[in-house]
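A quick write-up on the structure given underneath.
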Amino acid sequence: MSTTDDNVWRVKVGLAEMLKGGVIMDVTNAQQATIAEKSGACAVMALERVPADIRKEGGVARMASTKVIRGIMSAVSIPVMAKVRIGHFAEAQVLEALKVDFIDESEVLTPADEEHHVWKHNFRVPFVCGARNLGEALRRIAEGAAMIRTKGEAGSGNIVEAVRHMRALVNDIKRIATLGEDQLMHEAKTTGAPLELIQYVAKNGKLPVPNFSAGGIATPADAALVLQLGAEAVFVGSGIFKSSDPETRARAIVKATTHFRDPKAVLEASEELGEAMRGLDIRQLDEKELLQTRGW
Amino acid sequence: MKIGVLAVQGDFEAHGKTLERLGVHPWFVRRASDMESLQGIILPGGESTTQWKFLQAEGLDRALCQGAAGGMAIFGTCAGAILLAKEVRNPAQESLGLLDVVLSRNGYGRQVDSDVRFGESKLSAEALEMVFIRAPIFEEMGPEVKVLAENEGKPVMVQQGKVLASTFHPELTGDSTVHEYFLKLAGN
């Protein structure tokens, strides 16, 4: 990489660093974005429909309308992220031209390419991508993702998949950190990840970019759970604006995210909350209905 | 030396690692009670709107002002500098008012305008590497504020007494010059 490329990479990962310890909230309009900012969100994710509605209504889920995204960008001063379909580099080009602060190449939208993800090194704007395990995370990073979020199961209001993916990722990282250098090529082969990134993980015991959690977080205790399992920040999608009390719930999840190791603070955050979104039992879902299996 | 790092949101771990490299244990601060007997505290980068809400909710805003009045040194980077300012613009927001400056948020634009640059400073003969991420800009400064570094004609690091502020992120580089300077300030 040239110095310029290296500097672009550093400011991409740098913004991800700035979001640590925070809550990134899904919003579908400027009014929700304002509520999110007021409640202490460190960034908002602009999208047309929250995952729970995409799941319910079906159809093709695309990048949000640029008019809506523009409205959100002018309504708040915190970073604005927006989603593109997996592999849809032209949607990403549009979002970069619009100057969004972060792009989420997301399995929540209908994939545009079933083989290739966006080659994210071609962009100046940073990308976040979903992953279910170390191999998937490192492939996305090799393509240029500056942040990883474990996928969970978006729009389910059920934390079980977020926990499964975070545990899988953390276990893989811990295991690889115990291996000798002669064992790493085999890991590269079995995980399908580039050797140099496997070597980085073995040496440093962590991913080269921040690792956040998403997909099913609905309560302050859910946030405290994934953070204690190793997430460095959380994305909350349907969990806030599909609950009976978005503003209170948003504030509560923000509080629990900062004080995730302090049960008394999580208790305080949990009190006076109304009803959480109604969740889905993942086991009742058909394989075809799962969003997490999109992308590879 | 007991040095704190505000750890409510942002890149507090990066500051912690820089302090550790200099042989100083970082004391992560989430509540006012964590601030007891600190000689200095770092306000990290992150989102100033998010951080400000915590400062108010936890009474950390009052604790920081009391600390400053009692001679505690404070170093704010980016969002931390915004928290320290006397006045914040674009948009206007409340702040601690411990540094006599007017700061404009996101002064360079959005994330695609973030960049790494090199610039002269009064701290060392060598140019400092400066990582700007959605950085604010110092628009105006009071008479007691001295400029320690400039970039492209704009001040990017300033000091007033024991309050130090930079709009860039020295914690995201391998260079610990600025942190060393802050530790000296806190030790005096």
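Just so it is clear: chains get the letters A, B, ... in the order the sequence lines come, proteins before strands, and each one is counted from 1. The model shown is predicted, which means the values in this text are computed figures rather than measured ones.
- Contact of B:I133 with chain A is made through the side chain alone, with heavy-atom distances under 4.5 Å.
- Applying the 6.0 Å contact sphere to CH2 of B:W52 captures more than 12 heavy atoms from other residues, nucleotides or ligands.
- For the pair B:Q111 and A:P126, the minimum side-chain heavy-atom distance is below 4.5 Å.
- Proximity to chain B (any heavy atom under 4.5 Å) is restricted, for A:A41, to the backbone atoms N, CA, C and O.
- With rounding to the nearest 0.5 angstrom, the OG atom of B:S114 is 8.0 Å from the CZ atom of A:R124.
- Contacts of B:T49 with chain A are made by side-chain atoms alone, with heavy-atom separations under 4.5 Å and no backbone atom involved.
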Inset, instruction - Could you please spell out the steps behind the side-chain contact (heavy atoms from CB on, under 4.5 Å) verdict for A:H259 and B:E58? - result: CA-CA 11 Å; A:H259 295 297; B:E58 302 288 350; 2.9 Å; yes
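- Interface remark: B:F132 contributes backbone atoms only to the contact with chain A (heavy atom separation under 4.5 Å).
- In this structure, B:E47 and A:S77 approach most closely via the heavy-atom pair OE1-O, 4.5 Å.
- More than 12 heavy atoms of other residues, nucleotides or ligands lie within 6.0 Å of CD in B:E20, so this atom counts as buried by the packing criterion.
- Contact annotation: the side chain of B:E13 never approaches that of A:E17 to less than 4.5 Å [non-hydrogen atoms, C-beta and beyond].
- For a residue to count as touching a neighbouring chain, one of its non-hydrogen atoms must lie under 4.5 Å from one of that chain's; by this rule A:V23 does not touch chain B.
- If you measure heavy-atom distances from A:V80 to chain B, the contacts under 4.5 Å come from both the backbone and the side chain.
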Legend entry - A:M18/B:Q9 under side-chain contact (heavy atoms from CB on, under 4.5 Å): CA gap, chis, key distance, verdict: CA-CA 8 Å; A:M18 297 308 143; B:Q9 193 274 323; 5.7 Å; no
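- Within the 4.5 angstrom heavy-atom criterion, atoms from both the backbone and the side chain of B:R110 approach chain A.
- When B:N106, B:D115, B:V131 are compared by the number of non-hydrogen pairs under 4.5 Å with chain A, B:D115 comes out ahead.
- Ranked by heavy-atom pairs under 4.5 Å with chain A, the list B:Q93, B:R134, B:R117 is led by B:R134.
- When the shell of 6.0 Å around CZ of B:R62 is examined, it contains 12 or fewer heavy atoms from other residues, nucleotides or ligands.
- Enclosure of atom CD in B:E36 is not indicated, since only 12 or fewer non-hydrogen atoms of other residues, nucleotides or ligands lie within 6.0 angstrom.
- Rounded to the nearest 0.5 angstrom, B:Q51 CD and A:C42 SG are separated by 10.0 Å.
- Between B:T173 and A:R10 there is a side-chain heavy-atom pair separated by less than 4.5 Å.
- Put simply, of A:P79, A:G14, A:G40, the one with the most heavy-atom pairs under 4.5 Å next to chain B is A:P79.
- In terms of non-hydrogen atom pairs under 4.5 Å with chain A, the most contact-rich of B:P44, B:G46, B:C78, B:P91 is B:G46.
- Proximity to chain A (any heavy atom under 4.5 Å) is shown, for B:V112, by both the backbone and the side chain.
- Around CD of B:Q56, the count of heavy atoms belonging to other residues, nucleotides or ligands within 6.0 Å exceeds 12.
- Enclosure of atom CD in A:E247 by more than 12 non-hydrogen atoms of other residues, nucleotides or ligands within 6.0 angstrom is indicated.
- Around atom NZ of B:K154, no more than 12 heavy atoms belonging to other residues, nucleotides or ligands sit under 6.0 Å away.
- In this structure, no portion of A:T257 lies under 4.5 Å from any heavy atom of chain B.
- Atom CD of B:E129 is separated from atom CG of A:N7 by 6.5 Å, given to the nearest 0.5 angstrom.
- Proximity to chain A (any heavy atom under 4.5 Å) is shown, for B:S48, by neither the backbone nor the side chain.
- Residue B:R31 touches chain A through its side chain alone, counting heavy-atom pairs closer than 4.5 Å.
- For A:F89, the CZ atom sits in a loose shell: 12 or fewer heavy atoms of surrounding residues, nucleotides or ligands are nearer than 6.0 Å.
- The pair B:D113-A:K99 counts as a salt bridge, with a side-chain nitrogen and a carboxylate oxygen less than 4.0 angstrom apart.
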